[in-house]
Enquirer: 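First the structure, then my questions, so here it is.
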Amino acid sequence: MLSSSTSTLRLHQPTRPHRRHPPAPAAGGATHLGPSRRWRGHPPAAPLRARPQRIRALDAAQPFDYETRAAGLLEERQRLKIAIVGFGNFGQFLARTFARQGHTLLAHSRTDHSALAATLGASFFTDPHDLCECHPDVVLLATSILSAEAVLRSLPVHRLRRNTLFVDVLSVKEFPRNLLLSSLPPDFDVICTHPMFGPESARDGWDGLPFVFDKVRVGDCPARRARAEAFLNIFEREGCRMVEMSCAEHDAHAAETQFLTHTVGRMLAMLELQSTPINTKGYETLLRLVDNTCSDSFDLYNGLFMYNKNSTELLNRLEWAMDSVKKKLFDGLHDVLRKQLFEGSAQPPSTSNVRK
């Protein structure tokens with residue numbers, strides 16, 4: 001059988017031609033060549049339809065495809081799973097931008113905001129244990145200043161990954177810095193931040209608005225450094241003016257830029273100012289100041305005072321400034337009254353010294 005089979009196979013093999021050059025192809029087709037066929041001399045030119053033009057086109061598209069895939073992978077690596085603890089007004093404000101950038105959001109708060117969280121594509125957890133078991137990359141502390149310590153101590157941090165990044169967005173910085181360093185395990189990363197804007201002042205976007213941050217503790221590991229940069233990149237992508245400074249330096253500046261602003265705004269609110277038919281630009285600025293400051297809770301204002309050691313001194317200076325202005329006014333009034341009583345003149349006193 002083996003011999004017969006072999007003979008049959010040999011009958012189907014093409015025989016080598018005796019001529020030196022291959023025969024001309026038949027009309028409408030090409031000469032069939034066996035698998036072991038070898039030409040002596042130059043082989044015939046391939047028909048035009050057999051040229052690898054399609055392969056060259058694919059080669060030309062490969063660099064573009066590679067760059068697209070590389071950009072997609074980079075963006076994927078920069079997406080974070082962020083747990084927002086304190087899903088109130090400010091936490092929701094930040095969540096809208098986080099969601100738009102494609103980050104995975106988890107949320108936890110004492111108040112049930114599950115319906116609102118669902119509209120943002122966020123998962124809401126009433127139990128902090130369930131939240132921590134999801135192993136977020138970043139835990140964002142967005143509570144009020146007054147409740148920050150109690151909320152942080154209620155979190156089962158032992159259920160988190162041992163190098164989780166904690167970030168706060170409180171309006172004071174030294175207090176949360178000390179709180180996070182003393183309450184969290186030493187392997188956890190800590191970044192203290194303060195977006196110097198809110199839902200009212202940033203209603204038209206974050207472009208050009210200052211974002212203060214301090215990398216308090218970030219592990220010397222490429223993955224942990226990349227995670228910290230990916231979080232800060234959220235605000236940089238929105239056009240924020242990134243300002244890196246220490247927590248102590250921030251609080252010294254914030255006593256004037258924030259606490260003073262809120263104090264003046266709340267003082268003006270006590271006057272119950274109303275718009276008039278003859279508003280000046282300056283008066284309209286004061287009305288806007290009242291709206292911007294009083295839209296925040298009193299707890300925020302109280303926290304700016306209680307947890308910033310620079311606030312008490314500033315409040316004393318503000319009181320001294322008000323007393324100084326009142327003294328100048330009443331001293332001038334007394335001079336006019338004395339002239340009326342003793343000289344019979346109602347001329348106002350000279351203000352040359354005041355102008356100097």
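Worth knowing before you read on, the calculation uses all heavy atoms, side chains too, and leaves out hydrogens, waters and symmetry mates.
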Enquirer: Check whether Leu304 and Leu318 end up in the same hydrophobic cluster, where Ile, Leu, Val, Met, Phe, Trp and Tyr are linked by side-chain heavy atoms less than 4.5 Å apart.
Expert: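 Leu304 and Leu318: one cluster.
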
Enquirer: Would you give me the side-chain donor-acceptor pairs under 3.5 Å for residues 200-213, sequence neighbours excluded?
Expert:
from   : atom 1 : to     : atom 2 : distance (Å)
Glu200 : OE1    : Arg203 : NH2    : 2.2
Ser201 : OG     : Gly198 : N      : 2.9
Arg203 : NE     : Glu200 : O      : 3.1

Enquirer: Quick check against the 3.5 Å criterion: does Ser183 have a side-chain atom that pairs as donor or acceptor with the backbone of Leu180?
Expert: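 Judged by distance alone, no pair lies under 3.5 Å.
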
Enquirer: Taking all non-hydrogen atoms of both residues into account, name the closest pair between Ala83 and Leu131 and its distance.
Expert: CB-CD1, 4.0 Å

Enquirer: Might you work through the side chain to side chain donor-acceptor pair (under 3.5 Å) test for Tyr301 and Thr263, ending with a clear yes or no?
Expert: CA-CA 8 Å; Tyr301 175 60; Thr263 300; 2.9 Å; yes

Enquirer: Does any part of the side chain of Arg227, heavy atoms only, come nearer than 4.5 Å to the side chain of Arg224, both counted from C-beta?
Expert: yes

Enquirer: Would you call Arg177-Asp168 a salt bridge at under 4.0 Å N-O?
Expert: no

Enquirer: How far does OG1 of Thr111 sit from CG of Leu116, to the nearest 0.5 angstrom?
Expert: 12.0 Å

Enquirer: Do Arg161 and Thr164 have side chains that approach each other closer than 4.5 Å (heavy atoms only, starting at C-beta)?
Expert: yes

Enquirer: Is there a donor-acceptor pair closer than 3.5 Å between any side-chain N or O of Asp251 and the backbone N or O of Glu174?
Expert: yes

Enquirer: Could you tell me the separation between the CD atom of Gln258 and the OG atom of Ser311, rounded to the nearest 0.5 Å?
Expert: 9.5 Å

Enquirer: List the residues meeting side chain to side chain contact (heavy atoms under 4.5 Å, CB included) with Thr104, not counting sequence neighbours, and say none if there are none.
Expert: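 Partners of Thr104 by the side chain to side chain contact (heavy atoms under 4.5 Å, CB included) criterion, ordered by chain and then number, come out as Lys81.
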
Enquirer: Tell me, do Phe87 and Gln92 make a side-chain contact under 4.5 Å, heavy atoms counted?
Expert: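 Sidechains of Gln92 and Phe87: in contact.
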
Enquirer: Please identify each residue that fulfils side chain to side chain donor-acceptor pair (under 3.5 Å) with Ser114, with sequence neighbours left out.
Expert: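 With neighbours one apart ignored, the set is Asp112.
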
Enquirer: Are Lys173 and Met245 close enough that some pair of their side-chain heavy atoms sits under 4.5 Å apart?
Expert: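 Result no, sub-4.5 Å side-chain heavy-atom pair not found.
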
Enquirer: Should Ile191 and Leu94 be counted in the same cluster of Ile, Leu, Val, Met, Phe, Trp and Tyr side chains packed under 4.5 Å apart?
Expert: yes

Enquirer: Can you measure from CG (Leu120) to CZ (Phe98) and round to the nearest 0.5 angstrom?
Expert: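 Nearest 0.5 Å value for the CG-CZ distance: 11.5 Å.
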
Enquirer: Assigning hydrophobic clusters by single linkage (Ile, Leu, Val, Met, Phe, Trp, Tyr; side-chain heavy-atom cutoff under 4.5 Å), is Leu106 placed with Val167?
Expert: no

Enquirer: Taking Arg159's backbone N and O only, do any of them form a donor-acceptor pair with His135's side chain (distance below 3.5 Å, no angle check)?
Expert: yes

Enquirer: For residues Val139 and Leu179: do they belong to one hydrophobic cluster (side chain heavy atoms under 4.5 Å, members Ile, Leu, Val, Met, Phe, Trp, Tyr)?
Expert: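 Cluster IDs for Val139 and Leu179 match.
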
Enquirer: Rounded to the nearest 0.5 Å, what's the gap from CG on Leu286 to CG on Leu268? Could you check?
Expert: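 Output value for this atom pair is 5.5 Å.
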
Enquirer: Say whether, by atom type as modelled, one donor and one acceptor occur between the side chain of Gln101 and the main chain of Ile234 under 3.5 angstrom.
Expert: yes

Enquirer: With rounding to the nearest 0.5 angstrom, report the CG to CD distance, Leu287 to Gln274.
Expert: 8.5 Å

Enquirer: Side chains of Pro199 and Asn89: closer than 4.5 Å at any heavy-atom pair?
Expert: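 Yes. Closest side-chain heavy atoms under 4.5 Å.
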
Enquirer: Could you measure the distance from the OG1 atom of Thr193 to the CZ atom of Phe231? Nearest 0.5 Å is fine.
Expert: 5.5 Å

Enquirer: For Tyr283 and Ser275, which heavy atoms make the closest approach, and how far apart are they?
Expert: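 Closest approach of Tyr283 to Ser275: CE2-CA, 4.4 Å.
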
Enquirer: Where the side chain of Asp335 meets the backbone of Gly332, is there a donor-acceptor pair that is under 3.5 Å apart?
Expert: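 No.
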
Enquirer: Is there a side-chain contact between Arg79 and Asp137 (heavy atoms, below 4.5 Å)?
Expert: no

Enquirer: Are Met306 and Phe175 side-chain neighbours, meaning at least one heavy-atom pair lies under 4.5 Å?
Expert: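 No, every pair of side-chain atoms sits at 4.5 Å or beyond.
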
Enquirer: Any donor and acceptor pair, going by atom type alone, linking the side chain of Arg225 with main-chain N or O of Val218 inside 3.5 Å?
Expert: no

Enquirer: Is atom CD of Glu244 surrounded by more than 12 heavy atoms (other residues, nucleotides or ligands) closer than 6.0 Å?
Expert: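 Yes, enclosed.
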
Enquirer: Do Glu133 and Asp130 come within less than 4.5 Å of each other through their side chains, counting heavy atoms only?
Expert: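 Side chain of Glu133 against side chain of Asp130, heavy atoms only: contact under 4.5 Å found.
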
Enquirer: For a side chain to side chain contact (heavy atoms under 4.5 Å, CB included) with Val336, tell me which candidate from Arg338, Gln340, His334 qualifies.
Expert: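 So, applying the side chain to side chain contact (heavy atoms under 4.5 Å, CB included) to Val336 and each of Arg338, Gln340, His334, only Gln340 qualifies.
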
Enquirer: Keeping Asp189 on the side-chain end and Gly219 on the backbone end, is there a donor-acceptor pair under 3.5 Å?
Expert: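 Yes, the answer is positive, given that a donor and an acceptor are paired below the 3.5 Å cut-off.
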
Enquirer: For Cys247 versus Cys192, what's the shortest heavy-atom pair and its separation?
Expert: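 Nearest heavy atoms, Cys247 then Cys192: SG-CB, 3.8 Å.
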
Enquirer: State whether the number of non-hydrogen atoms from other residues, nucleotides or ligands found under 6.0 Å of Arg241 atom CZ is greater than 12.
Expert: no

